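Below is one structure, written out as structure tokens; comments come after it.
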Amino acid sequence: MTEARGSAGPNGATHARHAPGTPCWVSLMVHGLAATQEFYGALFGWEFQPGPQQLGPYARALLDGHEVAGIGQLPPDRHLPIAWTPYLASNDVDLTAETVRLCGGTVGVGPLDAGEAGRMAICSDPAGAVFGIWQTAAHLGTAVTGVPGTPAWNELLTFESVNVAKFYESMFAYEEEPVVSADLDYVTLHIDGRPVAGIHGVGNALPRDRGPHWVTYFEVADTDEALERIVDLGGHVLKAAHDSAHGRVATAADPEGARFSLIQGPR
């Protein structure tokens with residue numbers, strides 16, 4: 001994370017319709033739905049209510065009554081990577097999905113209607129990183145940001161940024177802001193002058209068991225305290241807390257292995 005957390009608004013900011021290309025939702029598919037809800041409920045203070053069931057049992061996580069994320073249950077015969085998946089807002093999921101195919105990506109699920117909530121597809125970019133596309137109907141996406149327990153930033157870890165950035169820019173009107181550095185391959189994607197996501201090329205430093213993948217950062221009040229709670233709840237610390245230009249960050253995994261990052265904003 002080398003750019004400001006553009007998706008995070010001021011404390012408790014609520015959002016209306018998201019501009020196309022903006023990460024508007026994050027969702028996690030797991031085998032143990034109840035246990036995963038218990039983990040994140042204890043970690044972030046989330047409560048849950050049923051959501052669209054088109055892909056199986058699914059619940060929306062709420063923070064103080066505002067929707068912030070989703071957790072669904074994988075069918076027993078599906079052995080997919082357990083990972084948080086960001087959804088990018090689209091005005092026309094079918095058109096965006098077709099663009100994904102034309103530009104070398106893959107559409108794995110959909111497009112399909114998620115009840116009255118909206119229309120969705122799950123795709124992967126040419127390097128294999130999985131992401132979703134969301135076309136709003138009744139469900140606008142993440143309803144609040146900028147407070148502990150909400151998504152703060154989404155970052156793609158991949159082999160190199162240049163070609164992958166071109167793929168995402170073929171779908172949405174992103175403006176690029178590359179980091180000019182001999183030892184850092186990083187591009188920030190902007191919409192209407194606002195940073196919304198990052199692409200970090202890390203070459204062979206990618207985990208061999210994961211390959212290219214998106215990482216969601218969640219806001220916390222105290223990164224070190226949150227890591228202790230994660231361990232107590234059965235999760236794992238993957239990268240210890242350290243200070244960055246944008247706050248104190250760390251990377252962890254939940255009991256099923258889904259990786260996510262934490263960020264405590266500068267005080």
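Worth knowing before you read on, the calculation uses all heavy atoms, side chains too, and leaves out hydrogens, waters and symmetry mates. For clarity, every value in this text was computed on a predicted model and none was experimentally measured.
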Locate the shortest heavy-atom distance separating [X] from [Y]; write the atom from each residue and the value.
X	Y	result
Gln37	Ala59	NE2-CB, 3.2 Å
Asp254	Phe260	N-CE2, 3.8 Å
Ala226	Val220	CB-CG1, 4.1 Å
Ser170	Cys103	OG-SG, 3.2 Å
Ile191	Gly21	CD1-C, 3.5 Å
Thr188	Pro195	CG2-CB, 3.7 Å

Can you measure from [atom1] ([X]) to [atom2] ([Y]) and round to the nearest 0.5 angstrom?
X	Y	atom1	atom2	answer
Ile133	Thr96	CD1	OG1	5.5 Å
His18	Leu88	NE2	CG	11.0 Å
Trp214	Asn154	CH2	CG	6.5 Å
Gln135	Leu95	CD	CG	10.0 Å
Tyr217	Trp153	OH	CH2	10.0 Å

Can you get from [X] to [Y] by hopping between Ile, Leu, Val, Met, Phe, Trp and Tyr side chains that sit under 4.5 Å apart?
X	Y	answer
Val162	Val187	no
Trp84	Leu238	no
Leu62	Val147	no
Leu112	Val130	yes

Any donor-acceptor N/O pair, [X] side chain to [Y] backbone, under 3.5 Å:
X	Y	result
Glu160	Asn163	yes
Thr22	Cys24	no
Arg229	Leu43	yes
Ser181	Asp183	yes
Asp243	Arg248	no
Ser161	Asp185	no
Glu256	Gly32	yes
Glu67	Ala143	no
Thr142	Val68	yes
Glu219	Thr150	no

A side-chain contact here means heavy atoms from C-beta on lying under 4.5 Å apart; do [X] and [Y] qualify?
X	Y	result
Leu262	Gln264	no
Gln73	Met29	no
His242	Val249	yes
Pro20	Ser90	no
Ile230	Phe39	yes
Val202	Thr158	no
Ser261	Glu155	no
Pro212	Leu206	yes

(message) Apply ring pair (Phe, Tyr, Trp, His ring centres under 6.0 Å) to residues Phe131 and Trp25 and explain how you reach the verdict.
(response) CA-CA 10 Å; Phe131 64 97; Trp25 187 247; over 10 Å; no
Q: Test Glu177 against His190 for side chain to side chain donor-acceptor pair (under 3.5 Å), laying out the working first.
A: CA-CA 8 Å; Glu177 184 183 337; His190 290 68; 3.1 Å; yes
Polar side chain donor-acceptor pair, Ser27 to Thr85, under 3.5 angstrom
no
- request: Indicate the ring-plane relationship of Tyr186 and His200, choosing parallel, tilted or perpendicular according to the 30° and 60° boundaries.
  value: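 Tyr186 vs His200 ring planes: tilted.
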- Query: With under 30° as parallel and over 60° as perpendicular, where do the rings of Trp46 and Phe48 fit, or are they tilted in between?
  - Reply: perpendicular
Arg210 meets the salt bridge (Lys or Arg N to Asp or Glu O under 4.0 Å) criterion, sequence neighbours left out, with none
Quiz item: Quick one: are the ring centres of Tyr40 and Phe218 less than 6.0 Å apart?
Solution: no
Next on the checklist: Whether Lys166 and Glu169 form a salt bridge (side-chain N of Lys/Arg under 4.0 Å from carboxylate O of Asp/Glu) is what I want to check.
Outcome noted: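 No, Glu169 and Lys166 are not salt-bridged.
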* Going through the checks in order, is the side chain to side chain contact (heavy atoms under 4.5 Å, CB included) test met by Leu28 and Thr36? -> CA-CA 10 Å; Leu28 174 65; Thr36 301; 4.0 Å; yes
Assess whether atom [atom1] of [X] is packed by more than 12 heavy atoms of other residues, nucleotides or ligands within 6.0 Å.
X	atom1	answer
Glu176	CD	yes
Asp232	CG	yes
Glu98	CD	yes

**Message:** The test is ring pair (Phe, Tyr, Trp, His ring centres under 6.0 Å); show your working for Phe167 and Tyr174 and say whether it passes.
**Reply:** CA-CA 11 Å; Phe167 167 80; Tyr174 292 123; over 10 Å; no
### Message
What verdict does the side chain to side chain contact (heavy atoms under 4.5 Å, CB included) test give for Val237 and Val231, after you've listed the backbone C-alpha separation in whole Å, the side-chain angles of each residue and the deciding distance to 0.1 Å?
### Response
CA-CA 7 Å; Val237 177; Val231 173; 3.8 Å; yes
Run the numbers on Leu63 and Glu47 for side chain to side chain contact (heavy atoms under 4.5 Å, CB included), then give the verdict.
CA-CA 7 Å; Leu63 186 67; Glu47 297 177 336; over 6 Å; no
Table please: side-chain donor-acceptor pairs of residues 114-129 below 3.5 Å, with sequence neighbours left out.
unit_1: Arg119; atom_1: NE; unit_2: Asp94; atom_2: OD1; d: 2.7
unit_1: Arg119; atom_1: NH1; unit_2: Asp113; atom_2: OD1; d: 3.0
unit_1: Arg119; atom_1: NH2; unit_2: Asp94; atom_2: OD2; d: 3.1
unit_1: Asp125; atom_1: OD1; unit_2: Ala127; atom_2: N; d: 2.9
unit_1: Asp125; atom_1: OD1; unit_2: Gly128; atom_2: N; d: 3.0
unit_1: Asp125; atom_1: OD1; unit_2: Ala129; atom_2: N; d: 3.0
unit_1: Asp125; atom_1: OD2; unit_2: Tyr168; atom_2: OH; d: 2.7

